[in-house]
Amino acid sequence: METKVKKEIREVHKEDLQILMNDINEKSFRVQQIMEWLWLKNARSFDAMTNLSKNLRDELALRYTFRPLTVNKTQISEDGTIKVRFETFDHHFIEGVLIPSTDRLTACISSQIGCSLTCRFCATGKMERVRNLLFYEIYDQVAILQELAEKHFQKRLSNLVFMGMGEPLLNYNHVLRSIDKITWSKGMGMSPSRITVSTSGIAKQIKQLADDKVKFNLALSLHAADNEKRSKMMPINDSNKLEDLVEALDYFYKETHSPITYEYILFAGVNDSDLDAANLIKLCRRIPSKVNLIEYNAVEGTGFVKPDHTILDRFVSTLQKNKVNVRVRRSRGKDIDAACGQLANKG
Ligand code: SF4
């Protein structure tokens, strides 16, 4: 006999829940209660839905599954950064990070299990891509980090960045679907202006974001503003050349009026020269943008190291003299491998 695979409850449309309530003689307002449990109170089991009768919870469990992420491990850095290892229903691990700073409380989350791209400086890039995360798994990371934010800092998340494991634009539909839920006014209600999706640069999908008129911010992991250098660090650049990315970003800006953030990790002797700065300045003149210069944390076996402070200062002042809006981002959570490029399910 063919066994029917149960749908995850969060995949089920409101209209279908309505039909079910009619079928089992439950009142219509139950649908609203279920939606609130799922997207406002972030229930992660049927039993948690305590204002539904036991009978109704059993009916739901009979028809649908619940596949929430669970917390496998939590580590707290000496600088307050919290790294969480989540386990998926099929026993894979991903990581998310909660980063407190003076004016922000940022959650950094993953979009894939592993990554198919092989950026040379990145620990995740050394892992195989297992699968894309489902939209509710992406959502669960935010919900769990939100709970930790309230527990440890008595604050709600102020910002959300898709900069953990994986390339978000290679999991396009589920990433956008998760953001729909994260920003839903009747649910978590985070403003899209507080959300940044960071891509290694998939030109076609950047144009798709523009066509979809997204309201969140877009960041490009640039790391070099010339093709030869960028390809050496990021093989994805072979198929998505800077010219194509620039054209896609111009289009994105035209359609969304949203400035671009360029993420630029400085690597000693690789992309930190005056010529590298000049190339970056030229790129920044095209459309409104800002540059986040990120301090690198050595990842074993990559051969990349960060430059010393004099080089960093010189690079920053060259950009500033040329009116580039630049900020230096010190890495956080280094001692627990939670910093940029370090997420690899190690801890
Ligand atoms: S930097 Fe991002 S896209 Fe590149 S390998 Fe790491 S996780 Fe994948």
Side-chain angles (χ1 to χ4, degrees), residues 83-86 88 92-97 99 106-133 137-138 141 160-172 174-175 178 195-206 209 217-224 227 229-242 244-245 248-249 260-267 270-271 292-306 329 331-334 337-347:
K83 181 170 83 167
V84 181
R85 181 161 66 192
F86 300 102
T88 62
H92 296 295
F93 297 105
I94 50 159
E95 292 177 334
V97 187
I99 310 153
T106 304
C108 173
I109 58 165
S110 298
S111 54
Q112 297 182 303
I113 304 173
C115 188
S116 57
L117 308 186
T118 49
C119 305
R120 306 274 186 248
F121 48 82
C122 173
T124 311
K126 296 186 182 304
M127 302 165 64
E128 295 276 292
R129 174 191 164 282
V130 179
R131 67 167 171 84
N132 285 343
L133 287 174
E137 294 174 318
I138 299 173
Q141 294 174 71
L160 174 64
V161 294
F162 284 73
M163 285 187 197
M165 296 173 157
E167 164 50 58
L169 298 191
L170 291 181
N171 186 14
Y172 190 93
H174 281 270
V175 165
S178 72
I195 300 175
T196 301
V197 170
S198 176
T199 177
S200 58
I202 319 280
K204 193 172 153 222
Q205 300 303 85
I206 292 172
L209 288 175
N217 304 298
L218 180 64
L220 174 69
S221 293
L222 183 68
H223 313 317
N227 276 320
K229 283 193 184 185
R230 194 164 187 273
S231 281
K232 275 193 189 143
M233 287 186 267
M234 307 175 73
I236 184 70
N237 194 69
D238 290 340
S239 51
N240 287 265
K241 297 254 178 262
L242 274 171
D244 302 330
L245 291 179
L249 291 176
I260 305 295
T261 301
Y262 297 112
E263 310 282 355
Y264 198 105
I265 308 178
L266 274 182
F267 301 109
V270 176
N271 61 355
N292 280 344
L293 272 189
I294 303 169
E295 187 188 29
Y296 184 58
N297 292 285
V299 171
E300 241 174 66
T302 60
F304 290 103
V305 287
K306 66 175 179 183
R329 294 265 188 223
S331 262
R332 309 288 307 274
K334 290 180 221 181
D337 284 333
C340 234
Q342 287 186 325
L343 299 183
N345 290 335
K346 255 206 313 190

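Both counts, for ligands and for their atoms, begin at 1 and track the order of listing. All values below were derived from every heavy atom in this structure, side-chain atoms included, with hydrogens, water molecules and symmetry-related copies excluded. For clarity, every value in this text was computed on a predicted model and none was experimentally measured.
Looking at residues two or more places apart in sequence or on another chain, you find no ring pair (Phe, Tyr, Trp, His ring centres under 6.0 Å) involving Tyr172. The ring pair (Phe, Tyr, Trp, His ring centres under 6.0 Å) search around Tyr264 returns Phe315, not counting sequence neighbours. With sequence neighbours excluded, the residues that form a salt bridge (charged side-chain N to carboxylate O under 4.0 Å, His left out) with Glu137 are Arg131.
Side-chain N/O atoms of Glu167 and Ser111 include no donor and acceptor closer than 3.5 Å.
With waters left out, the protein N, O or S atoms under 2.8 Å from atom 8 (Fe) of ligand 1 add up to 1.
Here CG of Leu218 is found 7.0 Å from CG of Leu169. Values are rounded to the nearest 0.5 Å.
Under the 4.5 Å side-chain criterion, counting only non-hydrogen atoms from C-beta, Pro235 is in contact with Arg120.
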